[in-house]
Amino acid sequence: MTGKAESKAYLETYYAGAYWGVREESPEGCARRTADLLNLLAPCDPFLAEWYKPTRSLKDARKFPLMPPDLSTLSEQFRRGVNREKGGPVFKDLGFTFSFGNGGGDYDSADLSIHCGCYSEGISNSCVLSLPTLGRSPNAERVISAPVLTHVVRSMALAMDPDWAVAMSHAYRDMDDDNRPGPWVGWVTYFSKQRGTVPPLPAPVRIEPVEDKGTLIVLTPERFTVTNSEHVALANRVRELLARAGLIKTR
């Protein structure tokens, strides 16, 4: 496990994602959730306060702002993201997809991909935020921090009402069993109260409520990294305790 972590250390990039099961929603419903999310993210950090409609070229990326959020614009974007075969019928049960970014360049951008309104069994709805790359982005050092990512996961929990959400490094995710279904334990993890009660966890882990919706778990105040064996050991211990409490599956 340690060797694999060391070999992938140079790839340690970060993301945040929220996931939920069957939930039929209209394009307008997906748009309302997205508008709420963008408004919640905006005060978190300037890097997450500007968003733009997708364009064919980077030079046009900032020509079509999505802030402040407009429900009719967002609804139309979700309608365009309906799932269908080319020239064929719409698959209503597969919901809608809308992906867009903050107008940043290579390694210094944030992108949101939202799959919403799906009510087909076995396919998750999701909201995934890609983050800038440490060492290659002037914003990454500030954004990839416990306060910002806690705010991001909390915002996803409030706006999207997911079953669970996480902010973590891809490297730590790769250390997990690829065949094991989520939830995964990350630097910041959220569980809806419907999943159960979060048990007491060892220091320095912080546990805090998200209104009446669920619970946030923050593993470390400093940046979580797989190159720190103490971080990995802590994450593995927390996963074990959460599995015992029935919040996650180990197989």
Side-chain angles (χ1 to χ4, degrees), residues 4-19 34 37-55 57-62 65-67 98-114 126-160 162 165-176 184-190 204-206 208 216-232 234-235:
K4 187 175 182 181
E6 289 173 352
S7 67
K8 287 184 176 274
Y10 69 99
L11 292 176
E12 195 156 15
T13 53
Y14 296 77
Y15 75 100
Y19 307 87
T34 301
L37 176 62
L38 298 185
N39 283 327
L40 287 166
L41 289 176
C44 172
D45 189 274
F47 193 72
L48 302 176
E50 296 183 8
W51 300 95
Y52 302 88
K53 290 169 64 175
T55 55
S57 65
L58 185 60
K59 69 177 183 179
D60 295 328
R62 293 178 176 267
L66 289 171
M67 296 296 285
F98 178 33
S99 299
F100 54 99
N102 71 342
D106 292 345
Y107 305 108
D108 190 37
S109 65
D111 296 280
L112 271 165
S113 181
I114 300 173
S126 62
C127 172
V128 178
L129 172 68
S130 68
L131 294 165
T133 302
L134 288 165
R136 298 190 177 186
S137 160
N139 295 288
E141 193 71 28
R142 184 184 71 252
V143 171
I144 302 175
S145 64
V148 171
L149 294 187
T150 299
H151 187 120
V152 167
V153 174
R154 177 181 289 274
S155 298
M156 287 181 170
L158 291 171
M160 313 310 286
V166 68
M168 67 190 304
S169 77
H170 293 94
Y172 184 65
R173 174 69 189 94
D174 288 346
M175 292 170 68
D176 209 340
W184 306 308
V185 176
W187 183 5
V188 183
T189 310
Y190 165 82
V205 180
R206 189 174 83 249
E208 57 186 64
L216 269 177
I217 302 167
V218 184
L219 288 184
T220 67
E222 71 271 16
R223 182 175 300 122
F224 180 98
T225 172
V226 297
T227 59
N228 186 323
S229 60
E230 293 183 359
H231 287 175
V232 174
L234 177 63

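- At distances below 3.5 Å, not a single donor-acceptor pair connects side-chain atoms of Glu12 with backbone N or O atoms of Ser169.
- Checking Thr34, Val128, Leu38 one by one against Leu112, the side-chain contact (heavy atoms from CB on, under 4.5 Å) holds for a single residue, Leu38.
- Among residues two or more places apart in sequence or in another chain, the salt bridge (Lys or Arg N to Asp or Glu O under 4.0 Å) test is passed with Asp60 by Lys63.
- Between the side chain of Ser145 and the backbone N or O of Arg142, at least one donor-acceptor pair lies under 3.5 Å.
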Using the side-chain contact (heavy atoms from CB on, under 4.5 Å) rule, take Arg206 and Thr150 through it: C-alpha gap first, then chi angles, then the decisive distance, then the call. CA-CA 11 Å; Arg206 189 174 83 249; Thr150 299; 4.0 Å; yes
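- Remark: Tyr190 engages no residue in a ring-ring contact (aromatic ring centres under 6.0 Å, His included) (not counting sequence neighbours).
- At a threshold of 4.5 Å between non-hydrogen side-chain atoms, the residues Pro46 and Asn139 do not count as touching.
- Looking at Leu66 and Lys53, their side chains come closer than 4.5 Å, going by heavy atoms from C-beta outward.
- Nearest heavy atoms, Thr225 versus Val232: O-CG2, 4.5 Å.
- Each of Val152, Leu37, Asp111 was evaluated against Leu129; a single residue qualifies, Val152, per the side-chain contact (heavy atoms from CB on, under 4.5 Å) test.
- Looking only at distances, no side-chain donor or acceptor of Tyr14 sits under 3.5 Å from a matching main-chain atom of Ala140.
- Proximity of a side-chain donor or acceptor of Trp187 to a complementary backbone N or O of Leu219 within less than 3.5 Å is not detected.
- Contacts classified as salt bridge (Lys or Arg N to Asp or Glu O under 4.0 Å) and involving residues 216-231 (residues at least two apart or in different chains) are given here: Glu141-Arg223.
- Thr189 contributes no side-chain N or O that, together with a main-chain N or O of Val185, makes up a donor-acceptor pair within less than 3.5 Å.
- Taking every heavy atom of both residues into account, Phe224 and Thr220 meet most closely at N-OG1, 4.0 Å.
- Two residues are said to be in side-chain contact when any heavy atoms from C-beta on lie closer than 4.5 Å; Pro162 and Tyr19 fail this criterion.
- With sequence neighbours excluded, the residues forming a salt bridge (Lys or Arg N to Asp or Glu O under 4.0 Å) with Arg62 are Glu50, listed by chain and number.
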Per-pair distances, 0.1 Å, donor-acceptor, side chain in residues 98-105, under 3.5 Å, sequence neighbours excluded:
residue: Ser99; atom: OG; partner: Ser113; partner atom: OG; Å: 3.0
residue: Asn102; atom: OD1; partner: Gly104; partner atom: N; Å: 3.2
residue: Asn102; atom: OD1; partner: Ala110; partner atom: N; Å: 3.0
residue: Asn102; atom: ND2; partner: Phe47; partner atom: O; Å: 3.1

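- Contact of the Thr13 side chain with the Leu131 side chain is not registered, since no non-hydrogen atoms from C-beta on lie closer than 4.5 Å.
- The two atoms that bring Gly17 and Met156 nearest to each other are C-SD, 4.0 Å, heavy atoms only.
- Every residue two or more places apart in sequence or in another chain was checked for a ring-ring contact (aromatic ring centres under 6.0 Å, His included) with His151, and none qualifies.
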